[in-house]
Amino acid sequence: NENRLQYGYTLWYSRRSVGKQSDRRYAENLKFIGRFGSVEQFWALYSHLARPSELTPSSDFHLFKNGIKPMWEDLANRQGGKWAVTLRKGSVDRCWENLILAMLGEQFMVGEEICGAVVSVRFQEDKVCVWNKTSSDTATTGRIKETLRRVLQLPSDTLMDYKPHNERLKHAIIKSQSEGAVKL
Ligand code: M7G
């Protein structure tokens, strides 16, 4: 009698390699951590995991629905985009936990639109992102923004920025073609 989640999720970790990060390298840096389909399985995994604030800068956790890779190139993300919330140092652990609990608990109320969430630990500040399927769907992106504001309890001066993936994706495809790798 486990509490099944509406969707199953996969957790990934990445750390940007030293030197210049190429788009092609990105996939190689993604490390599979685990998968879960119930609340109990989630806590079993999460409670053994480092908090984001304990990670070295340039590290990310990516929590995506099963079957969706945390990459622009994935079919589910190609037409999509992400909300990025910039966080002051010190609030990332609480924000990440609130964000993923909201996602697992279907708090966003945008049907199938949510693809996943990312937390990025950087030197100066941290960042959490929510990726959705359809960047042109302003009703959806608007609702995600409002939900983020509510569940993260952000100060009013918090920076929130929505970006479609397509510009960066086109760039990545052109670059990898010129590097001789057309397969994404
Ligand atoms: P980021 O982590 O989104 O930006 O991407 P940030 O460091 O400013 O927070 C950093 C770099 O990682 C990008 O410039 C790309 O080279 C690479 N990268 C990031 N993502 C999410 C992707 C992706 O989905 N696909 C590919 N090919 N490269 C990516």
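Atoms within each ligand, like the ligands themselves, are counted from 1 in listed order.
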Exercise. What are the atoms of ligand 1, with element, lying closer than 4.0 Å to any heavy atom of Arg16?
Worked result: 6 (P), 7 (O), 10 (C)

Exercise. Counting only heavy atoms not in Arg88, do more than 12 sit closer than 6.0 Å to its CZ atom?
Worked result: no

For this session: Starting from the C-alpha separation in whole Å, work towards a yes-or-no answer on salt bridge (Lys or Arg N to Asp or Glu O under 4.0 Å) for Asp60 and Arg122.
Result: CA-CA 9 Å; Asp60 293 11; Arg122 300 292 182 260; 2.8 Å; yes

For this session: Go through ligand 1 atom by atom and flag the ones less than 4.0 Å from a non-hydrogen atom of Arg122.
Result: 2 (O), 6 (P), 7 (O), 9 (O)

Exercise. Under 4.5 Å between side-chain heavy atoms, hopping through other hydrophobics if needed: is there a path connecting Ile100 to Phe36?
Worked result: yes

For this session: Check ligand 1 against Lys127 and write out every atom of the ligand that is under 4.0 Å from a heavy-atom position of the residue.
Result: 6 (P), 9 (O)

Exercise. Once the angle between the rings of His62 and Tyr26 is folded into 0 to 90°, is it parallel (under 30°), tilted (30 to 60°) or perpendicular (over 60°)?
Worked result: perpendicular

Exercise. Is it true that His165 lies under 4.0 Å from ligand 1, counting heavy atoms only?
Worked result: no

Problem set entry | Nearest option to atom 27 (N) of ligand 1, as decided by whichever heavy atom of Arg25, Met71, Arg168, Glu73 sits closest | Glu73

Exercise. Can you find an N/O atom of Trp72 closer than 3.5 Å to an N/O atom of ligand 1?
Worked result: yes

For this session: Using a cut-off of 6.0 Å, state whether more than 12 heavy atoms not belonging to Lys89 lie near its atom NZ.
Result: yes

Exercise. What atoms of ligand 1 come closer than 4.0 angstrom to any heavy atom of Lys82?
Worked result: 3 (O)

For this session: Evaluate the salt bridge (Lys or Arg N to Asp or Glu O under 4.0 Å) criterion for residues Arg143 and Asp137: first the C-alpha distance (whole Å), next the side-chain angles of each, then the deciding distance (0.1 Å), finally the verdict.
Result: CA-CA 10 Å; Arg143 191 173 276 190; Asp137 180 351; over 6 Å; no

Problem set entry | Sub-4.0 Å heavy-atom approach of Lys163 to ligand 1 | no

Exercise. Is ligand 1 under 4.0 Å from a heavy atom in the side chain of Tyr26, in the backbone, in both, or in neither?
Worked result: side chain

Problem set entry | Residues Asp161, Lys127: salt bridge by 4.0 Å N-O rule | no

